[in-house]
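The figures that follow rest on heavy atoms only: side chains count, while hydrogens, waters and symmetry mates do not.
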Amino acid sequence: MCVGCRKRASAGALLRVVVRDRQVVVDERRRLPGRGAWLHPEPACLAKAERRRAFPRALRSSGTLDVTAVRRYLGRTPEEWAGDVPPPGRTKEAGRPVMSQP
């Protein structure tokens with residue numbers, strides 16, 4: 001479930017975020033330890049999550065958290081996605097990149 005808009009979606013359609021040193025960061029490979037929260041990869045959902053103060057509650061962290069890294073991640077252009085996890089919509093439900101079979 002997206003912490004911004006509170007709508008359910010498949011794991012492949014959501015970004016996992018975690019807290020690292022009081023900063024909310026995107027867990028691109030979905031492997032970082034710790035409690036995670038899920039967010040649609042849209043600036044509107046990020047804004048809703050910030051407005052509702054959803055990150056500290058979902059990640060069980062007290063105080064304010066810096067979401068600059070997530071904001072920067074969502075602002076990338078398609079060319080900047082090259083070499084990273086594919087843009088949203090290009091993943092299987094489990095969050096693994098879509099690959100062609102030989």
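With contacts defined as side-chain heavy-atom distances shorter than 4.5 Å, the pair F55/L46 qualifies.
Listed for the R57 side chain is a donor-acceptor partner under 3.5 Å among the backbone atoms of R52. Panel note: side chain D66, backbone T68; a donor-acceptor pair is recorded below 3.5 Å. Side chain of R8 to main chain of C2: no donor-acceptor pair is present (N/O by atom type, distance under 3.5 Å, no hydrogens or angles).
When the side chains of ILVMFWY residues are joined at heavy-atom separations under 4.5 Å, either directly or via intervening members, V17 and L32 end up in two distinct hydrophobic clusters. Under the 4.5 Å side-chain heavy-atom criterion for ILVMFWY residues, no single connected hydrophobic cluster contains both Y73 and W38. No single ILVMFWY cluster, assembled from side-chain heavy atoms under 4.5 Å apart, contains both V18 and L15.
Nearest heavy-atom pair across M1 and L14 is N-CD1, 4.0 Å. Here the shortest heavy-atom pairing between G63 and P56 reads O-CG, 3.5 Å. Between A11 and R30, the closest heavy-atom pair is O-NH1, 2.7 Å. The two atoms that bring V3 and L39 nearest to each other are CG2-CD1, 4.2 Å, heavy atoms only. The shortest non-hydrogen separation linking L59 to A37 is CD2-N, 3.5 Å.
No side-chain donor from either of T64 and R22 sits under 3.5 Å from a side-chain acceptor of the other.
A salt bridge links R71 with E50: at least one charged nitrogen is closer than 4.0 Å to a carboxylate oxygen.
In this structure, CZ in R31 is found 10.0 Å from CZ in R16, a value given to the nearest 0.5 Å. Considering NE2 of H40 and NZ of K7, their distance stands at 8.0 Å, rounded to 0.5 Å.
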